[in-house]
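What follows is a set of notes on a single structure, which appears directly below.
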Amino acid sequence: MEFSSASVNKLSLKEFEVVNTSSYDFTGHAPGVAGNKVDPNQYKINIIKQEDLFLEFDLIGCEPSIANALRRLILSDVPTMAIEKVHIYQNTSVMQDEVLAHRLGLIPLKVDPRKFKYKEKGAPDEGTEEDTLEYSLKVKCKNKQGAGPEADSYIDDKIYTKHIQWIPKGNQEVDIGEAGPVEDDILINKLRPGHEMAMKMFAVKGQGRDHAKFSPVATVFYRLLPTINLVKDVYDQDAIRLQKCFSPGVMELEPTKNGRKKAVIIDPRDDACNRNVYRYPELADCVELGKVKDHFIFNVESTGALPPTDLVPMALDILIEKCDTFLKEIDMTNT
């Protein structure tokens, strides 16, 4: 029988199948909620790891549909600023104009999109200070005076994002401060003496659903929290073999009073759930593997335009706005 009332909130990893995967959260039945009323303590967000561009947090108590909606909204609905139009006045490099324009569009810009409006359709490329950022790139590769044919004998032979100059419009310099690329060392093109590039670029506000260059993240994904339960004690060589079946740091060998080595679970969170333990018949019955259905481990890696701690609340705001719009549509249909 697939459903187990004792493990309603967990799915079980068997050797050749995953059981107890169904959701039973339908009208009149809500797992873990007494009297079918929503318990505010059921939903939790715990920040596990936070760095400059990386965020790991736990989303606990919600359905997979909510977790996946949050993931997709971060990818495709949270806006950023990206180069949309490129006016190329000179390009004698080996890179074609359209390829160069595409590379420029993928450069992440460190600008808060909340300070800008969406550009109206059909508006001039130059735009206004409220919807457009303007940049300039003008470089020419030359030989160093008295230098030989070595690779380091050129000036401006490698063009990086540090060569891009921001041209503030109106009060942009006061209102938004700096609006350059996230990193100064992103390679744009390679030149040789005589090669020249001169162009203007215009960045606008957009969403990842329109083009990947507007996506604010390099990656965002989630996985379910693994669970590992030792059914019986495992010692010595079997314990060493069992430890190697799991990811590093998941299981350790603990010395006993009689000098033996005993396998103990330390942190199942980092397990890759590869189920290697089922390759050994003598170990297969020693453990129970599973995952918590409503415990999602989220990983968000920002491109640098916005910190990941801003991206998640922005995605939740968009989700709330979409729900409100949907409810209004239902009310209008019923009236």
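All figures in this text were calculated on a predicted structure; none of them were measured in a lab.
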**Report entry** salt bridge (Lys or Arg N to Asp or Glu O under 4.0 Å) between Lys261 and Glu254, worked out
**Finding:** CA-CA 6 Å; Lys261 295 179 180 179; Glu254 184 180 86; over 6 Å; no
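- Taking the side chain as every heavy atom from C-beta outward, Thr227 and Pro268 never approach each other to under 4.5 Å.
- Heavy atoms of other residues, nucleotides or ligands lying less than 6.0 angstrom from CD of Glu183 number 12 at most.
- Classified by interplanar angle (parallel below 30°, tilted 30° to 60°, perpendicular above 60°), the ring pair Phe214/His211 is perpendicular.
- Between the side chain of Asp210 and the backbone N or O of Gly206, no donor-acceptor pair lies under 3.5 Å.
- For the atom pair CG (Leu104) and CD1 (Ile164), the distance works out to 6.0 Å, reported to the nearest 0.5 Å.
- Counted within 6.0 Å of CG on Asp331, heavy atoms from surrounding residues, nucleotides or ligands total more than 12; the atom is thus considered enclosed.
- Distance check, rounded to the nearest 0.5 Å: CG of Leu109 to CD of Glu178 gives 10.5 Å.
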Requested in this report: Would you please test Lys169 and Glu130 for salt bridge (Lys or Arg N to Asp or Glu O under 4.0 Å) and show each step?
Outcome: CA-CA 9 Å; Lys169 293 175 175 287; Glu130 295 180 342; over 6 Å; no
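- Asn9 is listed as a side-chain neighbour of Asp294, based on a closest heavy-atom distance under 4.5 Å.
- By the 4.5 Å heavy-atom criterion applied to side chains, Ile318 and Leu316 are not counted as neighbours.
- Looking only at side-chain heavy atoms (C-beta outward), Leu73 and Lys322 come within less than 4.5 Å of each other.
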Report task. Would you please test Leu75 and Val217 for side chain to side chain contact (heavy atoms under 4.5 Å, CB included) and show each step? Result -> CA-CA 7 Å; Leu75 275 172; Val217 291; 3.7 Å; yes
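- Taking a 6.0 Å sphere around CD of Glu51, one finds it holds more than 12 heavy atoms contributed by other residues, nucleotides or ligands.
- Checked for salt-bridge contact, Asp156 and Arg192 miss the test: no charged N lies under 4.0 Å from a carboxylate O.
- To the nearest 0.5 Å, the span separating CG on Asn299 from CZ on Arg223 amounts to 7.0 Å.
- Among pairs with a residue in residues 288-335, those fulfilling ring-ring contact (aromatic ring centres under 6.0 Å, His included) read Phe57-Phe298, Tyr222-Phe296, Tyr222-Phe298, at least two apart in sequence or across chains.
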Report task. Under the side chain to side chain contact (heavy atoms under 4.5 Å, CB included) rule, what do Ile159 and Leu137 come out as? Steps first, then yes or no, please. Result -> CA-CA 10 Å; Ile159 309 306; Leu137 177 60; 4.2 Å; yes
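- Atom CD of Gln90 is surrounded by more than 12 heavy atoms from other residues, nucleotides or ligands within 6.0 Å.
- Grouping the Ile, Leu, Val, Met, Phe, Trp and Tyr side chains by contacts below 4.5 angstrom, directly or via other members, places Leu11 with Tyr278.
- In the hydrophobic clustering of ILVMFWY residues, with side-chain heavy atoms under 4.5 Å counting as a link, Leu133 and Met199 come out together.
- Note on Asp77 versus Arg72: no salt bridge recorded, every NZ/NE/NH1/NH2 to OD/OE distance being 4.0 Å or above.
- For the pair Glu84 and Lys213, the salt-bridge criterion is met [side-chain N within less than 4.0 Å of a carboxylate O].
- Look at Asp236 and Arg260 and you find a salt bridge, because one of the NZ, NE, NH1 or NH2 atoms lies within 4.0 Å of a carboxylate O, short of that distance.
- Placement of Tyr280 and Leu230 within a single hydrophobic cluster is found when ILVMFWY residues are connected by side-chain heavy-atom separations under 4.5 Å, directly or transitively.
- Annotation for His87: atom NE2 counts as buried by contact number, over 12 foreign heavy atoms lying within 6.0 Å.
- Ser93 and Asn189 share a side-chain donor-acceptor pair at under 3.5 Å.
- Counting only heavy atoms from C-beta outward, the side chains of Met251 and Leu242 approach each other to under 4.5 Å.
- Electrostatic pairing of Asp238 and Arg241 counts as a salt bridge here, judged by a charged N lying under 4.0 Å from a carboxylate O.
- By the 4.5 Å heavy-atom criterion applied to side chains, Ser12 and Val19 are counted as neighbours.
- Side chain of Ser215 to main chain of Gly208: no donor-acceptor pair is present (N/O by atom type, distance under 3.5 Å, no hydrogens or angles).
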**Report entry** Lys244 vs Ile240, side chain to side chain contact (heavy atoms under 4.5 Å, CB included): CA-CA, chis, key distance, verdict
**Finding:** CA-CA 6 Å; Lys244 293 181 179 179; Ile240 295 174; 4.0 Å; yes
Report task. Determine, step by step, whether Lys262 and Asp233 satisfy the salt bridge (Lys or Arg N to Asp or Glu O under 4.0 Å) criterion, reporting the C-alpha distance in whole Å, the side-chain angles of both residues, the deciding distance to 0.1 Å, and the verdict. Result -> CA-CA 7 Å; Lys262 178 183 176 182; Asp233 295 336; 3.7 Å; yes
Requested in this report: Let me see the working for Glu56 and Arg269 under salt bridge (Lys or Arg N to Asp or Glu O under 4.0 Å), right down to the final yes or no.
Outcome: CA-CA 12 Å; Glu56 180 180 335; Arg269 179 187 184 90; 2.8 Å; yes
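- Considering CG of Asn20 and NZ of Lys14, their distance stands at 10.0 Å, rounded to 0.5 Å.
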Query - Worked check of side chain to side chain contact (heavy atoms under 4.5 Å, CB included) between Phe246 and Ile228 - result: CA-CA 10 Å; Phe246 298 95; Ile228 304 173; 3.7 Å; yes
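- Going from atom NZ of Lys10 over to atom NZ of Lys293 covers 11.5 Å, rounded to the nearest 0.5 Å.
- Counting heavy-atom neighbours within 6.0 Å of Glu120 CD, excluding the residue itself, gives a total of 12 or less.
- For the pair Lys85 and Phe202, the NZ or CZ position fails the cation-pi test of under 6.0 Å to the six-membered ring centre and within 45 degrees of the ring normal.
- In this structure, a donor-acceptor pair under 3.5 Å is absent between the side chains of Asn68 and Ser65.
- Between Asp112 and the choices Lys110, Arg114, Lys115, the salt bridge (Lys or Arg N to Asp or Glu O under 4.0 Å) rule is met once, by Arg114.
- One finds the CG atom of Asp125 at 13.5 Å from the CE atom of Met201 (value rounded to the nearest 0.5 Å).
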